[in-house]
Amino acid sequence: MAPDAGDAKRRFRRKTERIPVTLLMKDRGREFERSASTVDLSESGLRVRTAAELSEGQIVYVLASRGYSPLGYCRVVWVRETDHIRRNEAGLKLMN
């Protein structure tokens, strides 16, 4: 695995791994889910790619696909648009 450019500043090393996940969210009293996939993972969080609209500070519950353990509650740390078809990448910090 190639070192991440930010590894020198990070407490935990990232591992590139693509896992389909489901993001469980609440908005205005409604619960809903959106599909996503991981881009990379570390002991403290993950980066996901999704079409879901996420905002910094938002709390989401992340469920991994079959064969993987649920990841749990996460706080959205950052969000950026990655392409013209409204996909976003977001950095999620594990809360549990």
Side-chain angles (χ1 to χ4, degrees):
M1 174 174 70
D4 186 282
D7 275 353
K9 295 184 274 185
R10 298 187 183 285
R11 288 186 3 200
F12 301 104
R13 187 168 177 83
R14 291 181 176 186
K15 177 182 176 190
T16 301
E17 188 166 359
R18 304 271 192 264
I19 301 170
V21 296
T22 301
L23 306 176
L24 303 176
M25 301 177 275
K26 288 185 180 182
D27 185 33
R28 298 182 186 117
R30 293 184 350 194
E31 293 182 3
F32 56 98
E33 58 185 58
R34 296 289 185 260
S35 62
S37 64
T38 63
V39 175
D40 55 40
L41 305 157
S42 76
E43 289 183 41
S44 64
L46 59 152
R47 178 170 37 150
V48 296
R49 185 167 292 142
T50 182
E53 291 185 32
L54 299 172
S55 57
E56 290 180 15
Q58 181 177 6
I59 305 300
V60 298
Y61 190 83
V62 182
L63 286 171
S65 64
R66 276 191 198 156
Y68 294 93
S69 299
L71 297 171
Y73 284 100
C74 295
R75 182 176 51 82
V76 178
V77 177
W78 56 265
V79 179
R80 72 172 168 241
E81 191 171 318
T82 60
D83 57 35
H84 65 282
I85 54 175
R86 292 181 43 95
R87 270 191 235 138
N88 298 308
E89 280 191 357
L92 307 179
K93 180 175 173 68
L94 289 165
M95 296 176 64
N96 42 344

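It should be emphasised that the depicted structure is a prediction, and the values quoted were computed from it without experimental measurement.
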- Message: Could you see if Ile19 belongs to whatever hydrophobic cluster contains Val48? Use Ile, Leu, Val, Met, Phe, Trp, Tyr and a side-chain cutoff under 4.5 Å.
- Response: yes
- Item | Leu54 side chain reached by Met25 side chain, heavy atoms, under 4.5 Å | yes
- Query: Are Val79 and Leu41 connected, step by step, through hydrophobic side chains (Ile, Leu, Val, Met, Phe, Trp, Tyr) whose heavy atoms are closer than 4.5 Å?
  - Reply: yes
- Note on the structure: Heavy-atom closest pair (Ser35 atom, Thr50 atom, distance to 0.1 Å) is O-OG1, 2.8 Å
- Side chain proximity check, Leu94 to Ser44, heavy atoms < 4.5 angstrom: no
- Item | Student check: side-chain heavy atoms of Glu33 and Leu23 closer than 4.5 Å | no
- CA sep, side-chain torsions, deciding dist, call: Thr22, Arg34, side-chain contact (heavy atoms from CB on, under 4.5 Å): CA-CA 6 Å; Thr22 301; Arg34 296 289 185 260; over 6 Å; no
- Query: Do side-chain atoms of Asn88 reach the backbone of Ala52 as a donor and acceptor pair under 3.5 angstrom?
  - Reply: yes
- Say you draw a straight line from CD of Glu81 to CD of Glu89; how long is it, rounded to the nearest 0.5 Å? 11.5 Å
- Looking only at heavy atoms, the pair that brings Phe32 and Arg30 closest together is CD2-O, 3.9 Å
- Message: Consider side-chain contact (heavy atoms from CB on, under 4.5 Å). Of Val21, Ile59, Val62, Val77, which one does Leu92 pass it with?
- Response: Val62
- Query: So do the side chains of Met95 and Tyr61 get within less than 4.5 Å of each other, counting heavy atoms only?
  - Reply: no
- Task: Please name the pair of heavy atoms, one in Gln58 and one in Glu53, separated by the smallest distance, quoted to 0.1 Å.
- Result: OE1-O, 4.1 Å
- Message: For residues Leu63 and Val60: do they belong to one hydrophobic cluster (side chain heavy atoms under 4.5 Å, members Ile, Leu, Val, Met, Phe, Trp, Tyr)?
- Response: no
